[in-house]
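Notes to accompany the following structure.
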Amino acid sequence: MKMNIFEELQKRQLIAQITNEEEVKNLINAGKAKFYIGFDPTADSLHVGHFMALCLMKRLQMAGNTPIVLIGGGTGHIGDPSGRSDMRSMMTKEMIDHNCECFKKQMERFIEFGEDKAIMLNNADWLLKLNYVELLREVGACFSVNNMLRAECYKQRMEKGLSFLEFNYMIMQAYDFYYLNTHHDCNLQFGGDDQWSNMLAGSDLIRKKTGRDAHSMTITLLLNSQGKKMGKTASGAVWLDKNKTSVYDFYQYWRNVEDADVLKCIRMLTFLPLDEIEKMENLKGAELNQAKEILAYELTSLVHGEDEAKKAQASAKALFVQGGDDSNMPTTKIETNENEISVIDILIQCNLTQSKGEARRLIQQGGVSVDEEKINSIDYKVPIEKLKEGIKIKKGKKIFHKAII
RNA sequence: GGGUAGAUGCCCGAGUGGCUAAAGGGAGCAGACUGUAAAUCUGCCGUCAUACGACUACGGUGGUUCGAAUCCACCUCUGCCCA
């Protein structure tokens with residue numbers, strides 16, 4: 001017997017909180033949900049967190065439900081304070097519009113839009129038109145400040161300070177749900193677990209205003225075994241835009257997850273059948289490397305397409321297993337007028353180090369090799385002739401880069 | 001509006017006139033060990049310079065001083081208390 005969608009979500013441990021389990025279950029299993037997920041345009045590309053939400057959308061769409069993608073062109077003007085310890089920097093209208101456009105393009109690759117399929121809306125279309133006093137009279141009475149202040153999502157900010165601007169975010173999000181419910185028959189909202197308070201506010205508002213039930217369900221946040229959000233590196237988020245995070249780096253991010261997190265990631269992020277995943281659960285120790293490879297391949301393939309995933313996998317294997325093929329390695333064109341160039345300058349031009357001092361240090365500590373040969377002198381220079389064919393630079397153990405002229 | 005505490009490097013945080021590029025921790029980077037894992041150990045960790053050294057930096061702007069993260073004035077921002 002085929003597993004129903006709710007059961008599948010449960011088995012994948014994607015469900016965090018639900019306002020009413022029975023009703024939501026019936027709704028989505030019957031394909032009768034018209035649900036929305038909101039995406040605030042905080043950057044010019046989606047990242048892994050958004051990806052999870054998009055996957056959920058796809059799963060629900062495949063089960064016959066109708067998704068509404070809500071782009072936060074209006075809420076982006078405010079900034080969601082949920083779970084944050086500092087205020088978001090304010091974005092200009094131009095930035096927000098630009099980001100919305102970027103989001104749209106990326107989403108079209110995951111979700112099918114069109115007649116009887118998914119629709120995409122932008123809350124700027126109604127939020128920006130609101131009149132302050134009218135809004136206050138319309139929904140203001142439905143919100144209890146006392147309750148709002150108790151909300152989990154503001155906890156962190158109660159210590160460091162919360163501006164009135166951000167405090168209103170919840171009201172805007174609740175209003176969105178109410179608007180979608182009354183104008184588009186939207187009966188369900190999904191979101192990350194950090195959105196729970198905001199979503200509840202929406203369900204409450206709808207009940208108070210219309211007497212109808214509209215439910216909310218959150219998906220588990222993807223945390224690693226240390227309790228930190230996954231999809232973040234020291235240099236920032238792992239982006240879905242390959243100009244911001246190269247396909248190779250994207251692949252490597254997942255190839256390198258900790259043992260403790262692999263299966264969770266496979267379960268929550270990939271579309272692999274559950275029985276296949278169950279088989280992997282017996283893997284132990286070094287065998288888990290196989291699972292990591294699968295994870296990296298599956299995700300890269302979902303985000304960047306099969307061809308790109310194969311390329312990334314091939315170059316990773318070539319590099320780590322034999323050290324041969326370099327055709328898909330990140331490459332930088334070196335600029336110089338001399339007939340030779342120092343490794344230090346190459347490292348900087350390739351963006352492998354931030355400063356000359358760092359590059360020097362790296363070499364002194366034995367962390368750099370060129371074409372498989374360890375560099376021991378900071379004076380090491382590469383002749384132009386060699387650069388014409390391209391050289392392979394290795395920084396540390398895992399970072400490879402090609403430099404060519 | 002009144003009172004009060006504060007703003008230090010990527011983050012947290014010590015430092016209250018010279019010994020401070022600024023303790024300590026975290027993050028990060030490299031090396032050893034490994035399985036492209038984790039844990040552990042070692043080194044590094046403002047910029048430029050092979051090095052000597054130079055420059056930039058303790059919210060902002062001025063000032064006092066031979067010398068200021070440290071003292072003074074004003075400004076900006078934030079927490080807390082009172083209204």
Side-chain angles (χ1 to χ4, degrees), chain A residues 81 84-90 149 154-167 223-230 232-238 246 248-266 280 283-297 299-300 312-326 328-330 342-345 347-348 350-370 372 374-381 392-401:
Chain A
R84 285 179 68 103
S85 55
D86 56 339
M87 182 166 161
R88 286 176 192 275
S89 51
M90 281 247 230
L149 288 174
Y154 295 135
K155 278 272 162 60
Q156 289 195 48
R157 296 298 292 280
M158 293 311 283
E159 289 161 25
K160 290 210 164 182
L162 174 70
S163 68
F164 185 65
L165 173 80
E166 291 182 284
F167 183 59
L223 302 176
N224 66 17
S225 47
Q226 272 137 51
K228 288 190 184 148
K229 264 194 198 177
M230 290 197 67
K232 289 236 157 73
T233 64
S235 43
V238 176
S246 73
Y248 180 79
D249 287 341
F250 185 88
Y251 181 91
Q252 283 300 321
Y253 178 85
W254 299 107
R255 181 62 246 282
N256 281 313
V257 297
E258 294 171 25
D259 286 9
D261 301 322
V262 201
L263 280 162
K264 179 167 54 185
C265 289
I266 292 185
M280 286 186 238
L283 296 177
K284 283 205 186 78
E287 290 172 344
L288 273 170
N289 268 328
Q290 296 164 30
K292 291 184 194 180
E293 234 173 73
I294 294 172
L295 171 70
Y297 178 82
L299 287 185
T300 312
Q313 186 166 47
S315 36
K317 275 196 176 152
L319 286 169
F320 287 98
V321 182
Q322 317 120 27
D325 176 39
D326 58 2
N328 298 304
M329 216 183 284
S342 72
V343 206
I344 294 184
D345 288 328
L347 286 170
I348 297 215
C350 294
N351 228 346
L352 291 171
T353 57
Q354 294 301 307
S355 69
K356 289 196 175 183
E358 192 185 332
R360 214 170 282 132
R361 208 182 304 132
L362 196 65
I363 296 169
Q364 280 162 351
Q365 292 182 132
V368 179
S369 49
V370 169
E372 303 300 311
K374 191 172 265 189
I375 304 299
N376 346 318
S377 159
I378 50 175
D379 293 320
Y380 188 91
K381 293 200 167 54
K392 191 165 70 191
I393 302 164
K394 184 178 172 197
K395 179 200 167 198
K397 286 179 193 129
K398 301 183 199 168
I399 299 169
F400 296 88
H401 204 98

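No experiment lies behind these values; they were computed from the predicted model shown.
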Say we look at B/C75 and B/A7: how far apart would their C1' atoms be, to the nearest angstrom? 14 Å
Taking Watson-Crick and G-U wobble contacts under 3.5 angstrom, with | marking pairs to another strand and [ ] crossing pairs, the secondary structure of RNA chain B is written ((((((((.[[[..)..(.....]]].(((((.......))))).(((....)))...[[[[[..)....]]]]]))))))).
Rounding to 0.5 Å, atoms CD1 (A/Ile363) and CG (A/Leu347) come to a distance of 5.5 Å
Assert: residue with more 5' nearest nucleotide on RNA chain B, out of A/Lys228 and A/Asn256, is A/Lys228
The residue, A/Leu162 or A/Ala260, whose nearest nucleotide of RNA chain B is more 5′ is A/Ala260
Note to self: Ring-plane angle category for A/Trp254 and A/Phe250, please: parallel below 30°, perpendicular beyond 60°, tilted otherwise.
What the structure shows: perpendicular
Taken to the nearest whole Å, NZ/A/Lys232 to C1'/B/G28 is 17 Å
Rounded to whole Å, CZ of A/Arg255 lies from C1' of B/A38 at a distance of 14 Å
* Asked: Using a cut-off of 4.0 Å on non-hydrogen atoms, how would the nucleic acid contact of A/Lys356 be classed: base, sugar-phosphate, or nothing?
  -> sugar-phosphate
B/G18 to B/U42 separation - P atoms, rounded to the nearest Å: 33 Å
*Under-4.0 Å side-chain N/O to phosphate OP1/OP2 contact, A/Lys395 with B/G31*: no
A/Leu288 atom CG is separated from B/U36 atom P, nearest whole Å, by 13 Å
Atom CD of A/Gln364 and atom P of B/U50 are separated, to the nearest Å, by 11 Å
Item to complete: With heavy atoms under 4.0 Å as the rule, sort A/Ala316 into base, sugar-phosphate or nothing.
Response: base
Original post:
Using atom C1' of each nucleotide, how far apart are B/U16 and B/A69 to the nearest Å?
Top reply: 9 Å
- Message: Under 4.0 Å, counting only non-hydrogen atoms across every strand here, what does A/Lys160 touch: a base, just sugar-phosphate, or nothing?
- Response: sugar-phosphate
Rounded to the nearest 0.5 Å, the CD atom of A/Gln252 sits from the OG atom of A/Ser246 at a distance of 9.0 Å
Of B/A51, B/U47, B/U36, the nucleotide closest to the side chain of A/Gln252 is B/U36
For atom P, what is the distance between B/C48 and B/C52, given to the nearest Å?
-> 15 Å
Quick note, A/Ser355 side chain, CB onward, closest among B/U36, B/A37, B/C48 is B/C48
Practice prompt. Please determine if a side-chain N or O atom of A/Arg360 lies less than 4.0 Å away from the OP1 or OP2 oxygen of B/C48.
Written response: no
key: N or O in side chain of A/Thr353 less than 4.0 angstrom from B/C29 OP1/OP2   = no
dist A/Ile375:CD1 -> A/Gln364:CD (nearest 0.5 Å) comes out at 13.5 Å
Return the orientation label for the A/Phe400 and A/Phe320 ring planes: parallel under 30°, perpendicular over 60°, tilted otherwise.
perpendicular
Pairwise C1' distance, B/A14 and B/C58 [rounded to whole Å]: 12 Å
field: Worked check of side-chain contact (heavy atoms from CB on, under 4.5 Å) between A/Met280 and A/Val262
entry: CA-CA 10 Å; A/Met280 286 186 238; A/Val262 201; over 6 Å; no
Closest non-hydrogen contact found for A/Ser225 with A/Lys264 is N-NZ, 4.4 Å
Rounded to whole Å, OH of A/Tyr251 lies from P of B/U36 at a distance of 12 Å
Rounding to 0.5 Å, atoms CG (A/Asp261) and CG (A/Asn256) come to a distance of 12.5 Å
Every protein N/O lying under 3.5 Å from an N/O of nucleotides 42-45 of chain B:
| residue | atom | partner | partner atom | Å |
| --- | --- | --- | --- | --- |
| B/G43 | N2 | A/Gln365 | OE1 | 3.1 |
| B/G43 | N2 | A/Gln365 | NE2 | 3.3 |
| B/G43 | N3 | A/Gln365 | OE1 | 3.1 |
| B/C44 | O4' | A/Gln365 | OE1 | 3.4 |
| B/C44 | O2' | A/Arg361 | NE | 2.8 |

Between CG of A/Leu352 and P of B/A30 the distance, given in whole Å, is 10 Å
Requested in this report: Determine the interatomic distance between C1' on B/A27 and the same-named atom on B/U64; round to the nearest Å.
Outcome: 40 Å
Between B/U20 and B/U8, how far apart are the C1' atoms? Round to whole Å, please.
12 Å
When rounded to whole Å, the CD to C1' distance for the pair A/Gln354 and B/C10 reads 12 Å
Residues A/Arg255 and A/Lys292: closest non-hydrogen pair is O-CD, 3.4 Å
- request: Pick the P atom in B/U76 and in B/A83, then give their distance to the nearest Å.
  value: 26 Å
note: A/Gln156, atom CD; B/G79, atom P; distance rounded to Å ~ 15 Å
Among B/U34, B/A37, B/C29, the one nearest any side-chain atom of A/Lys397 is B/U34
Distance col, row A/Lys317:NZ vs A/Glu293:CD, nearest 0.5 angstrom, shows 4.5 Å
So CG of A/Leu295 and CG of A/Leu288: to nearest 0.5 Å the spacing works out to 11.0 Å
